[in-house]
Amino acid sequence: MNIKYKLISLFFRQKTKAECHEVLLTNNTYYQNLSEKNKYTFQIRTLLFLWTTNFSSDSGFSINQKMKIIISSAFVQITFGLKTDTLEKFNDIFVTPRAYSYKNNPAIFDGDVNPNTKKINMSWPAIAQGFEIADDGLNLSIHEFGHCLIFENASRSYLSRIFNENDFDHWKKHAANKFQKIKSKDNKVLRDYAGTNLIELFSVSLETFFEQPEYFENNEPKLYFSMTKLLKQDPRNKLNPTGK
Ligand SMILES: [Zn+2]
């Protein structure tokens, strides 16, 4: 494990780490499949993310440590190959007990990220289902954190960007290609919602990348490998996705 996480791990009590391990082991398939060494790094990154994030909920609905660990694990999963291990701007997660809607808007949401208020809203049943069914290409937390990464990457200064500029351009090129395929109804692999815009295409790609990597690679290899490069990991290698 790198020295940074060794040091950070000293700040967390043994009991906290053991609880984190237990929750991840019973709820996160990606974690279950990791080598012991990777599991430990994953645990520390999960606790670090959790510790730097404010979780809140409606009165009458309480969000416990287990829920926080499960939500945080989605962020750790996406960024496991990257240096970025926390968010600087999107530090508030609001969890609702059910799907919700906004005033003057008939649409019902399971999750959304507001780039103005920097708030992430998600409904707990949809979060939980995202992890319970780990191979259907649907994971709300991964989806919403995907939006945060795009927004934050754009707002950070050149040197502290989350994504390597060339890798991101490379991804955009293949994403634009895929976008055209969806528009001309020649779409496999990603659900059609990805055709909304490139931001949605990124999040839907992430969900499929982690939940159906073999299927993704078989059918859209160029887009798939542009993502392994961008995220510096290949989820088909379950023991050691980052190859480190
Ligand atoms: Zn979205």
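No experiment lies behind these values; they were computed from the predicted model shown.
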Between [Y] and [X], is there a salt bridge with N-O shorter than 4.0 Å?
| X | Y | value |
| --- | --- | --- |
| E220 | K181 | yes |
| E165 | R161 | yes |
| E19 | K66 | no |
| D167 | K232 | yes |
| K185 | D192 | no |

Report whether [X] and [Y] are members of the same hydrophobic cluster (ILVMFWY, side-chain heavy atoms less than 4.5 Å apart, transitive linking).
| X | Y | result |
| --- | --- | --- |
| M122 | F61 | yes |
| V23 | I142 | yes |
| Y100 | V113 | no |
| Y193 | L201 | yes |
| I63 | I70 | yes |

>> If you apply the rule side-chain contact (heavy atoms from CB on, under 4.5 Å), what do you find for F225 with L230, and how did you get there?
In response: CA-CA 8 Å; F225 288 115; L230 183 69; over 6 Å; no
Looking at every heavy atom in both [X] and [Y], which two are closest together, and how far apart are they?
| X | Y | result |
| --- | --- | --- |
| I78 | L231 | O-CD2, 3.9 Å |
| W171 | L198 | CH2-O, 3.8 Å |
| K188 | K178 | O-NZ, 2.7 Å |
| N166 | N164 | N-OD1, 2.9 Å |
| R156 | T84 | NH1-OG1, 4.0 Å |
| G195 | K183 | O-NZ, 3.0 Å |

Between [Y] and [X], do the side chains contain a donor N or O and an acceptor N or O under 3.5 Å apart?
| X | Y | answer |
| --- | --- | --- |
| S160 | S157 | yes |
| N38 | S35 | yes |
| D234 | T228 | no |
| N28 | Q77 | yes |

Indicate yes or no for a side-chain donor-acceptor contact from [X] to the backbone of [Y] under 3.5 Å, with no hydrogens or angles considered.
| X | Y | answer |
| --- | --- | --- |
| N219 | Y215 | yes |
| D92 | K119 | no |
| T16 | F12 | no |
| R45 | Y40 | no |
| Q212 | V189 | no |
| T79 | L82 | no |
| S203 | E200 | no |
| K173 | H170 | no |
| N27 | E132 | no |
| N91 | L87 | yes |

> Has K39 got its NZ or CZ under 6.0 Å from the middle of the six-membered ring of Y31, at an angle within 45 degrees of the ring axis?
Replying inline: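 K39 over Y31 ring: yes.
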> Does K222 make a cation-pi contact with Y224, if we ask for NZ or CZ under 6.0 Å from the ring centre and within 45° of the axis?
Replying inline: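 Because its charged atom misses either the 6.0 Å distance or the 45° angle limit, K222 does not stack over Y224.
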>> I want to know whether F49 and F145 have ring centres closer than 6.0 Å.
In response: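 Ring-ring flag for F49/F145: true, centres closer than 6.0 Å.
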>> Between F109 and Y102 (judged by ring centroids, cut-off 6.0 Å), do the two rings come close enough to count as a pair?
In response: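 Yes - the distance between ring centres of F109 and Y102 falls below the 6.0 Å cut-off.
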> Quick one: NZ on K118 to SG on C148, what's the gap to the nearest 0.5 Å?
Replying inline: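 Rounded to the nearest 0.5 Å, the NZ-SG separation comes to 10.5 Å.
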>> Under the rule for side chain to side chain donor-acceptor pair (under 3.5 Å), what residues qualify as partners of K244, not counting sequence neighbours?
In response: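 Testing K244 for side chain to side chain donor-acceptor pair (under 3.5 Å), a comparison that skips the adjacent residues, returns none.
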>> Going by the rule ring pair (Phe, Tyr, Trp, His ring centres under 6.0 Å), which residues pair with F179 if we only count those two or more places apart in sequence or in a different chain?
In response: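 So F179 forms no ring pair (Phe, Tyr, Trp, His ring centres under 6.0 Å) with any residue.
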>> side-chain contact (heavy atoms from CB on, under 4.5 Å), that's the test. Do Y5 and D85 meet it? Break it down for me.
In response: CA-CA 10 Å; Y5 297 118; D85 48 22; 2.5 Å; yes
Tell me whether the count of non-hydrogen atoms from other residues, nucleotides or ligands lying under 6.0 Å of [atom1] in [X] goes above 12.
| X | atom1 | value |
| --- | --- | --- |
| K229 | NZ | no |
| I108 | CD1 | no |
| K37 | NZ | no |

> Only one of L50, L47, L25, I44 clears side chain to side chain contact (heavy atoms under 4.5 Å, CB included) with C20; which?
Replying inline: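 The single option meeting the side chain to side chain contact (heavy atoms under 4.5 Å, CB included) with C20 is L47.
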>> Quick one, S57 with T96, criterion side-chain contact (heavy atoms from CB on, under 4.5 Å). Give me CA distance, side-chain angles, the key distance, then yes/no.
In response: CA-CA 6 Å; S57 60; T96 63; over 6 Å; no
> In this structure, which one of E217, E211, E214 forms a salt bridge (Lys or Arg N to Asp or Glu O under 4.0 Å) with R236?
Replying inline: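 Between R236 and the candidates, salt bridge (Lys or Arg N to Asp or Glu O under 4.0 Å) is satisfied uniquely by E217.
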> Looking at residues at least two apart in the chain, or sitting in another chain, which of them share a side chain to side chain contact (heavy atoms under 4.5 Å, CB included) with N116?
Replying inline: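 Testing N116 for side chain to side chain contact (heavy atoms under 4.5 Å, CB included), a comparison that skips the adjacent residues, returns N114.
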> Could you go step by step and tell me if I71 and V95 meet the side-chain contact (heavy atoms from CB on, under 4.5 Å) rule?
Replying inline: CA-CA 10 Å; I71 295 168; V95 184; 3.9 Å; yes
